[in-house]
There are 2 protein chains.
Amino acid sequence: MGRKREFDVDQALDAAVCVFWRKGYEGVSYSDLTQAMGVERPALYSAFGNKEALFRRALARYYERYLDFIPAALDLPTSREVVAHILRRAAELHTRYPDHRGCLGINGALACSDDAEPIRLALIDARAEGEASLRDRFERAKQEGDLPETANCTALAAFVMAVTHGMAVQAKAGFSRDMLEAVAEQALSTWPTGNSTLSRSHPEP
Amino acid sequence: MGRKREFDVDQALDAAVCVFWRKGYEGVSYSDLTQAMGVERPALYSAFGNKEALFRRALARYYERYLDFIPAALDLPTSREVVAHILRRAAELHTRYPDHRGCLGINGALACSDDAEPIRLALIDARAEGEASLRDRFERAKQEGDLPETANCTALAAFVMAVTHGMAVQAKAGFSRDMLEAVAEQALSTWPTGNSTLSRSHPEP
DNA sequence: CAATTAACGTAACGATCGTTATGATACTCG
DNA sequence: CGAGTATCATAACGATCGTTACGTTAATTG
């Protein structure tokens, strides 16, 4: 019972994602949020709780709506294809929207005040989760002969994520999609190959 | 004439560098600054101007005190040595100080409010300058036969900077120096070689 | 149709932001 | 020594931060 909500929560959340994506957690004020979401402050608090809770909701939505290509990439047959897909899709995503470039997982909070430290740590955790799943995928690749026995899967996953993060920084600085894709190709050119037929059965063009 | 300054400007500036390095431009308040620099607010204004001017001074000092290895690296004989030196020194610098990890050039302002936009652009310019000097160095390497004729020097420079920025993000997230060095080595393993004797006359161990 | 309930907009909360009067203090120069 | 000046610490400025009373409006329930 009671009055029914006059705005769509999901739609408002999408708007919040865009604002945080552009300005980061601390760079966003409630004035920014109310303007972008078309919702007055008290409605935000009743629907999402405080700013921190709203950001966490926005981050979760970002991962499921924009970073869904990462779990999808993990299903590709070779580690090289996994990496190629992640790097290329990241280059595209980071330059897709001219008014909020880069990655929310990086833009959200890199260095911040003590007040925002919980958000910074939450972003670190989120990134670490993706990196861990990538490492696990590389371990599987090693077992399959797709990566050499000597491969350091932890380091390889960290390398791929480092390039992705670096591209996000450059995207926020205005780098073109083409330039980021050139960076991605350079990163790919280092990729080790195993000795099974797996990696040769899916040649890159 | 008049009263003489009771604090050392350079020393205070070094303290400001550390604070901005840790919390970024917007994450730092004047309370943080006065506490870290041991100087009251009006003295900061009279010595440095406002917060934006202070940050620009701190950024300049950061480049000359901590990023001096970049111009030094450009003088090394081969492009591979240049890149190796930059990546390894970056990995070290980004993990050197436990209480302000990463890079001021990234931590300073990645995504921010509209008020801090001038600082964000200044950081972009500063990074672009280093990237351009790296590209120019690679062009020279190409002329010397140290890089193949087909090498895309702009993309190579962007790649090296992307890895550096990615390592900075990871350093701020708590990654160890060893892990960052493994990332650097992986990046190095992609490095193209020319066909002159130059690159072979300085083999890596 | 009342009674109840929840979301609405307005407007204000205390705290902190970056910035600056203001008067006291310490130094230089005539 | 005394006039002048620059730096000092205290304290306050208006603006904005994230957050929330409060009275009104619209929907549901008996």
Side-chain angles (χ1 to χ4, degrees), chain A residues 1-13 15-17 19-20 22-59 108-109 111-122, chain B residues 1-13 15-17 19-20 22-59 108-109 111-122:
Chain A
M1 65 185 79
R3 189 170 171 176
K4 75 170 64 167
R5 206 161 245 136
E6 294 182 357
F7 67 97
D8 185 77
V9 174
D10 279 353
Q11 189 174 331
L13 191 54
V17 168
V19 180
F20 283 126
R22 173 174 182 188
K23 299 188 176 184
Y25 176 66
E26 283 196 307
V28 168
S29 70
Y30 264 92
S31 299
D32 294 325
L33 290 170
T34 57
Q35 182 174 347
M37 302 168 79
V39 175
E40 295 299 327
R41 291 163 199 234
L44 290 187
Y45 280 92
S46 86
F48 300 103
N50 63 6
K51 189 186 181 187
E52 178 173 335
L54 171 58
F55 182 86
R56 291 179 189 273
R57 286 279 301 272
L59 182 64
C112 58
S113 75
D114 294 339
D115 288 348
E117 199 70 7
I119 292 297
R120 188 178 76 87
L121 298 177
Chain B
M1 64 186 81
R3 189 171 173 174
K4 76 169 65 165
R5 205 161 247 135
E6 295 183 357
F7 68 97
D8 184 77
V9 174
D10 279 353
Q11 188 174 333
L13 191 54
V17 168
V19 180
F20 283 126
R22 172 174 182 189
K23 297 188 177 184
Y25 176 66
E26 284 196 308
V28 168
S29 70
Y30 265 91
S31 298
D32 294 325
L33 290 170
T34 56
Q35 183 175 348
M37 302 169 80
V39 176
E40 294 301 325
R41 291 162 200 233
L44 291 186
Y45 280 91
S46 88
F48 301 103
N50 62 9
K51 190 186 180 186
E52 177 172 337
L54 171 57
F55 182 86
R56 291 180 189 274
R57 287 279 301 272
L59 182 63
C112 58
S113 76
D114 294 339
D115 288 347
E117 199 70 5
I119 292 298
R120 189 178 75 88
L121 298 177

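So you know, we letter chains A, B, ... as the sequences are listed, proteins then strands, and number each from 1.
Taking all atoms of both residues into account, the shortest heavy-atom contact from S31(B) to T34(B) is O-OG1, 3.0 Å. Nearest heavy atoms, A36(A) versus V19(A): CB-CG2, 3.2 Å. V17(A) and A58(A) make their closest contact through CG2-O, 3.4 Å (heavy atoms, listed as atom of the first residue, atom of the second, distance).
In this structure, CZ on R120(B) lies 11.0 Å from OG on S113(B), to the nearest 0.5 angstrom. With rounding to the nearest 0.5 angstrom, the CG atom of L54(A) is 6.5 Å from the CG atom of L13(A).
Put simply, CG on D114(B) is 11 Å from P on dC17(D), counting in whole angstrom units. Atoms CG (D115(A)) and P (dT16(C)) sit 9 Å apart, rounded to a whole Å. Look at CD1 on I119(A): it is 14 Å from C1' on dG18(D), rounded to the nearest Å. Rounded to an integer number of Å, the gap from CZ of R5(A) to P of dA6(C) is 12 Å.
Residues meeting the salt bridge (charged side-chain N to carboxylate O under 4.0 Å, His left out) test with R56(B), sequence neighbours left out: E52(B). Among residues two or more places apart in sequence or in another chain, the ring-ring contact (aromatic ring centres under 6.0 Å, His included) test is passed with F55(B) by F20(B), Y25(B). In terms of the side chain to side chain contact (heavy atoms under 4.5 Å, CB included) criterion, residue partners of S46(B) (sequence neighbours excluded) are, by chain and number, R5(B). With sequence neighbours excluded, the residues satisfying side chain to side chain contact (heavy atoms under 4.5 Å, CB included) with D114(A) are R22(B), K23(B). Residues meeting the salt bridge (charged side-chain N to carboxylate O under 4.0 Å, His left out) test with R57(A), sequence neighbours left out: none. A search for ring-ring contact (aromatic ring centres under 6.0 Å, His included) contacts involving Y30(B) returns Y45(B), not counting sequence neighbours. Scanning for side chain to side chain contact (heavy atoms under 4.5 Å, CB included) contacts around P42(A) gives E40(A), with sequence neighbours left out. Residues that satisfy the side chain to side chain contact (heavy atoms under 4.5 Å, CB included) test with A43(B), not counting sequence neighbours, are F7(B), V39(B).
Using a 4.0 Å cutoff on non-hydrogen atoms, the parts of residues 24-35 of chain B near DNA chain C are V28(B), S29(B), Y30(B), S31(B), ordered by number. Contacts with DNA chain D (heavy atom under 4.0 Å) in residues 51-59 of chain A: K51(A), listed by number.
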- What string of B, S and - do you get for nucleotides 20-30 of chain C, 5' to 3', if B is base contact, S is sugar-phosphate-only contact and - is no contact with any protein heavy atom under 4.0 Å? BB---BBBS--
Write out a two-atom table: protein N or O, nucleotide N or O from nucleotides 13-15 of chain D, distance below 3.5 Å.
none

